[in-house]
Amino acid sequence: MGIHAQVKCVSLLRVMRNLKPASTQSFLPFGSTFLLLVVFSCVLASSAQVLAQAPAPDSPAIEAKAHAMVAKLSLEQKIELLGGVEGMFTHASPAIDLPRFKMSDASVGVRTWGPTTAYAGGVALAASWDPELARKIGESLGRDARSRSVNFLLGPGVNIARSPIAGRNFEYLSEDPYLNSTVVVPYIEGVQSQGVIATVKHYALNNQEYNRHNVSSDIDERTMREIYLPAFEAAVTKGHVDAVMNSYNLINGVHATQNEFLNLKVLKGEWGFQGILMSDWDATYDPVGAANNGLDLEMPSPRFMNAKGLLPAVKDGSVKESTIDEKLMRLFRTELRYGFVDRPQFDPADSTYSVADRRVALDGALESITLLKNDGNLLPLNPAKIKTIAVIGPNAWPAVAGGGGSSESQAFEPVSTLTGIANLLGPNVHVLYTRGLPEMNDVFRRTTWDGLIQVATYPSKDFTGTPETATVTSIGDYRRERRGPPENGGPRSIRYTANYTAAKAGQYLVLAAYQSWGGSFKVIVDSKELPMPPHAEGLVPPFWTIDLKAGQKVNVVAECVQGNYGGTFGLGIAYEPDLVSPDVKTYAAAADVVVVAVGFTAATESEGSDRTFALPWGQDALIAAAAQANPHTIVMLTGGGGMDTRSWLSKVPALLHVYYPGQEGGTAIAEVLFGKHNPEGKLPVSFDRSWDENPSAAFYYPVKGADTTLHVIEPGHPPVDYVIPHVKYDDGLMVGYRYWTTTGKHPLYPFGFGLSYTTFSFANLQVPATAASGSTVPVSFDVTNAGKVAGAEVAQLYVSDPSAKSTRPERELKGFEKVRLTPGETKHVTLNLDARAFSYWDDKAHKWTIDPGKFVIRVGDSSENTPLHADLALN
Ligand code: BGC
């Protein structure tokens, strides 16, 4: 059977859900052979009549079978099924012939089970503003998953990019709920069309990585409903996602995994979610709380929802057995609906490595790369005019396909910026490359300390007890070695004491990196602690600049307290003017044009930590050095959102944001630079000048003095008290462009902005003068390619509600369409605005509300440039 037939056959699943026909597939015997699968698949693919008899999510046959399975289990056997096994599987139940089902992370590729195709994930996908691309990537991920026998894909992530420093923005989508909702629905449909369950995550309010296990996101209902929940809502109500993953954090003081409001009232109640609600990995804190408040599956293992935690609870009535049955019904119904019980998940029609999917990955990169600055139309470059090009920077090679953490994928054949450019230019152009800066570990290793470093390792978390002492010549080997928890039990504290003498006068970089979940450290120079950015525990890696005189000797002490899993630490000092390699100037001066590839990587932007707004150490100086040597310097940024460009932006004529473009990034970057592809990405986040001006900055960190304590009893373990810091979302609705357009101030580059090699014009806006509240309002307009090359424009529609009784953001995105146009071509676009496009959440009435009166419809190419506008009166 060809791929085409397979795609067709599995996409029937979606159709089946709507048709609700009688079942045949679910009665195939469990463990059906490969042959049977092939025959069955072909029959499905070729016969509409068979389709009409296929199973439905709530078909009586599935319902009856699920009930029968529950009925065969003892209470102990039932409870056993509420927790995962071996990190990435559901629990099997031999009593009912139920095998275990396999999971995989997600976000950029099916990454858990070996190398994978890595797509433009999260923020890059959102930058494409292309729901059909999202569907294609979803389908490819689904096929990748099937070829690895994966039943559950642990993505997509849809949390709002509230702040540029949140460590996981790159895995999520954008700062806007409408854009997120519009992209996530086809993505989920794509994954699930292949017979794989998508898992939308992390529900909810996981908008920072700093202290993500313990922090409480404290927020009012309106902000939650209007900004932070809509993408989850769309995933459930429109995308029919079959699994949801709770987040680590607490929401208004209650952990997500036991949050009645979010799980029972909203998700399973109002939105009618029928699928499986699973925890994030080790995000459960109370067996009774979780069981009674909606959690169906504790991952990766049942630390709380286990026999010790739940048997006595059922006995004393604090958890009803019917509540446990309900969870099993959700698990079984969903698994039966997908046919997991009746057929192998491995589908021989799919490929583990596929050239067709490489093309999908390339499309993702091509559609997302965003051109932010192009002075004097430096771009596109003309390959015929280039004899030598210098490709410089830590992100030029190797490829930076994605960020760090559980989504980090080992891509098959990733194409770096350097190799992509060289491949495109061919043999007649000289390509010069230098990383331009040392590797972090090289800074640690090459620091010339005065003599030996004293290391004292204490058997405690607070430098008490008798230390073991040793001497070393350098501090650390960050990320290469990972020490396990100390064998004598419990984390250790380690003090390094060293001396350093400055050879020359000038500025010195002090660079530190600590990888230790839950650990902390400080660096003390001549008895003065170097100031950490607020709550810097999670920032990787912090750095400081100190001024030293020639011959000045400093005493350096680093104190590290390990988290429960040990940790690795690195510390080094380097003379700043020597950091940038002399090759940078030599190469830049010798080249016709320079591409400097900088930004973040999996080591500096990752799950579990926030990142800096500043570029990683040395990169500002690197750009300045290249730009000084060659005025034709193009900067390319990698990262999950905005970053600090202030020290060099005016010195460079061109700037591109490539986000994390997936494994084909280098090819796409080259095609964009040389005009084989006209850039079409649009910023899915506002790009701030500085962290301070971001609207969340004042509210991002926990409120001082507001910590509470949470008493947690893990069954069979002594109680533990957790300190819960509270982050108050007092920026409210004013996230990203909502803030900028409401205040009339301007970020560096607005949400929705991105340049093209052609120009587009907008005209002929048609909006009815009046319409009934609650009706669908058609809005139409023309988009014309007024330039000389083909290109794509994203027409964006924003709604303003100046007569609202409640304060609303000045404008909100409520429609968009990507339009591909040849030179001179015009397309008439129609966008339909439904009731939600005009509504806000009425906090008092607890419902979506439209205030009749004046609305303004604006259309343009970014949140700030909306040349078309018209009034509309809703009555
Ligand atoms: C992450 C999830 C991921 C899970 C399994 C957690 O740490 O937050 O997004 O799916 O691990 O790897």
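Counting starts at 1 for both ligands and their atoms, following the listed order. One is the number of the first residue; the rest follow in order along the sequence. It should be emphasised that the depicted structure is a prediction, and the values quoted were computed from it without experimental measurement.
D176 meets the salt bridge (charged side-chain N to carboxylate O under 4.0 Å, His left out) test with R738; sequence neighbours excluded. Take K265 and apply the salt bridge (charged side-chain N to carboxylate O under 4.0 Å, His left out) test, not counting sequence neighbours, and it matches E270.
Side-chain atoms of S140 and D357 include a donor-acceptor pair closer than 3.5 Å. Of the N and O atoms on the side chains of R143 and T117, not one donor lies less than 3.5 Å from an acceptor on the other residue.
Ordered by chain and residue number, the residues placing a heavy atom less than 4.0 Å from ligand 1 are M88, D105, L154, R168, K201, H202, R212, M245, Y248, D280, W281, S406, E607.
For residues 249-264, the side-chain hydrogen bond (donor to acceptor under 3.5 Å, both in side chains) pairs, not counting sequence neighbours, are N246-N263, S247-N249.
Residues Y729 and Y228 bring their aromatic ring centres within 6.0 Å.
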